[in-house]
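Quick note: residue numbers are just sequence positions, from 1. Here the structure is a predicted model, which means the values were calculated and not measured.
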Amino acid sequence: MKASALRRWAIQAALLLAVGGLFALAIANARANLLARGIPTSFAFLNQVAGFSLNQSVIPFTPLSSYGRALLVGLLNTLMVSALAGALATFIGFAAGFARLSRNWALARLAGLYVETIRNLPLLLQILFWYVAILSPLPAPEHAHQFAGFFLSNRGLTMPALSFAQGWPAIDWPFFDPSVNRFNVEGGLRLPPEACALILALALYTGSYIAEIVRAGVQAVPRGQSEAAAALGLSAAQARRLVIRPQAMRVITPPLISQYLALTKNSSLAAFVGFADLMQVSGTILNQTGAALQVIAIDMALYLSLSLATLALMRLYERRLRWGGRG
């Protein structure tokens with residue numbers, strides 16, 4: 001190996017060691033300060049009894065469960081909200097994006113009004129609007145709005161859920177009988193109003209940005225591609241499906257990744273409406289245990305993992321588009 005190469009390796013190794021040393025020194029200093037103030041520095045608190053309940057739990061959880069399980073519930077709630085809001089935002093965004101390109105004047109203007117209005121309003125304000133102005137005034141469960149087995153009330157949205165009887169999946173339809181229980185809707189899967197407000201606000205807000213990404217991606221495809229498709233005898237629908245869409249998706253995918261990452265991180269605003277997401281649960285645990293450094297470190301690691309997982313999935317999809325070629 002040449003002397004210049006050795007010098008470069010030595011400089012890089014020294015830089016890494018210096019950064020690692022500073023990081024270790026910061027951790028040691030923080031630990032010493034925490035110990036001096038009587039603040040716990042271990043993760044043993046994760047096995048302690050939580051002593052609080054949660055308004056939404058994908059897995060069984062009681063006040064007798066541990067702090068570690070509470071964090072798991074918060075993580076799963078964040079995943080659920082992010083997945084539902086992401087799917088809804090994709091549908092809304094692509095629909096609005098294509099609507100903006102429509103030759104129908106009214107449809108294009110309505111889509112433009114939605115995009116310009118929603119993306120220029122703060123997301124937190126939209127979450128509070130859906131929660132306070134739309135969902136909270138809904139009727140009590142005994143007067144819930146019913147449609148196709150769904151029940152909408154001030155207790156949230158209750159929907160059909162899959163149950164397993166003798167190993168075979170079956171639809172478990174929620175029932176409502178005021179004479180049996182006039183205070184709640186029993187059965188099925190329930191999303192509390194806090195989760196509904198968060199999902200709707202995230203979906204509409206992110207969808208407005210996706211709509212602009214879709215519009216720009218379609219317009220980035222040269223007009224000659226449509227003319228060439230018509231010359232080959234393809235219909236307008238076939239040209240959009242076989243020629244325009246594949247090329248537009250290569251332009252759309254990179255900024256689309258950023259929107260999904262932002263949606264996952266924006267879900268942390270759930271704490272403002274009291275939904276038991278990762279941040280809200282972590283705040284409760286921090287207040288009860290005082291383990292600020294550990295809880296913050298866990299949250300940072302989990303959010304980073306979620307973002308990296310989302311990025312990896314979207315990169316895989318982007319790579320598949322590239323493998324498909326440009327023909």
Side-chain angles (χ1 to χ4, degrees), residues 12 15-31 33-34 39-47 50 54 56-59 61 66-87 89-90 123-124 127 195 198-199 201-203 205-206 209-210 213 253-273 275-319:
Q12 293 177 22
L15 180 61
L16 289 175
L17 286 174
V19 173
L22 289 174
F23 188 68
L25 182 62
I27 292 177
N29 185 56
R31 186 172 185 275
N33 290 333
L34 291 173
I39 300 175
T41 59
S42 71
F43 290 87
F45 71 93
L46 292 175
N47 296 320
L54 299 174
Q56 174 74 31
S57 178
V58 179
I59 59 176
F61 181 85
S66 65
Y67 285 124
R69 191 171 184 83
L71 282 173
L72 177 60
V73 170
L75 174 62
L76 293 177
N77 286 345
T78 296
L79 284 172
M80 177 192 69
V81 165
S82 299
L84 292 176
T90 302
L123 176 57
L124 179 56
I127 295 174
L198 184 64
I199 291 170
L202 284 173
Y205 183 76
T206 307
Y209 284 92
I210 292 177
I213 292 171
T253 301
L256 195 61
I257 295 173
S258 299
Q259 291 305 314
Y260 289 140
L261 294 176
L263 184 149
T264 303
K265 290 179 285 188
N266 286 337
S267 67
S268 61
L269 294 173
F272 285 93
V273 289
F275 177 65
D277 78 320
L278 182 58
M279 285 300 296
Q280 200 268 351
V281 173
S282 298
T284 303
I285 295 175
L286 191 152
N287 290 332
Q288 290 188 1
T289 64
L293 186 62
Q294 300 92 308
V295 172
I296 292 173
I298 291 173
D299 286 350
M300 291 175 64
L302 290 176
Y303 274 110
L304 180 61
S305 299
L306 288 178
S307 296
L308 291 178
T310 303
L311 180 61
L313 290 174
M314 292 303 297
R315 289 298 186 194
L316 179 62
Y317 175 70
E318 186 180 22
R319 196 174 300 120

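- For the atom pair CG (Leu261) and OG (Ser82), the distance works out to 10.5 Å, reported to the nearest 0.5 Å.
- Going from atom CG of Leu311 over to atom CG of Leu316 covers 11.0 Å, rounded to the nearest 0.5 Å.
- In this structure, the side chain of Ser268 engages the main chain of Lys265 through a donor-acceptor pair within 3.5 Å.
- In this structure, the side chains of Phe272 and Ile127 stay at 4.5 Å or more apart for every pair of heavy atoms.
- Atom OG1 of Thr310 sits about 13.0 Å away from atom CD of Gln259, to the nearest 0.5 Å.
- With 3.5 Å as the limit, one finds a donor-acceptor pair spanning the side chains of Thr90 and Tyr260.
- Panel note: side chain Asn77, backbone Gln56; a donor-acceptor pair is recorded below 3.5 Å.
- The two atoms that bring Asp277 and Ala270 nearest to each other are CG-CB, 3.6 Å, heavy atoms only.
- Once rounded to the nearest 0.5 Å, the distance linking OG of Ser267 with CD1 of Ile199 reads 10.5 Å.
- When side chains are defined from C-beta on, Val58 does not count as touching Val73, because their heavy atoms never get closer than 4.5 Å.
- A donor-acceptor distance shorter than 3.5 angstrom exists from the side chain of Thr78 to the backbone of Leu278, with no hydrogens or angles considered.
- Shortest non-hydrogen contact noted between Leu263 and Ala89 is CD1-CB, 4.3 Å.
- Here the side chains of Leu76 and Leu79 are in contact, with some heavy-atom distance below 4.5 Å.
- To the nearest 0.5 Å, atoms CG (Leu54) and CZ (Phe275) are separated by 9.5 Å.
- Here the side chains of Leu306 and Leu302 are not in contact, with every heavy-atom distance at 4.5 Å or above.
- Within the 4.5 Å cutoff, side-chain heavy atoms of Leu123 are placed close to those of Leu202.
- Proximity of Leu71 to Ser282: side-chain heavy atoms (C-beta onward) are separated by under 4.5 Å at one or more points.
- Looking at heavy atoms from C-beta onward, Ile59 lies in side-chain contact with Arg69 at the 4.5 angstrom threshold.
- Considering OH of Tyr67 and CG of Leu286, their distance stands at 10.5 Å, rounded to 0.5 Å.
- Contact annotation: the side chain of Ile285 approaches that of Phe45 to within less than 4.5 Å [non-hydrogen atoms, C-beta and beyond].
- Shown here for Leu46 and Ser66, the closest heavy-atom pair between the two residues is O-CB, 3.3 Å.
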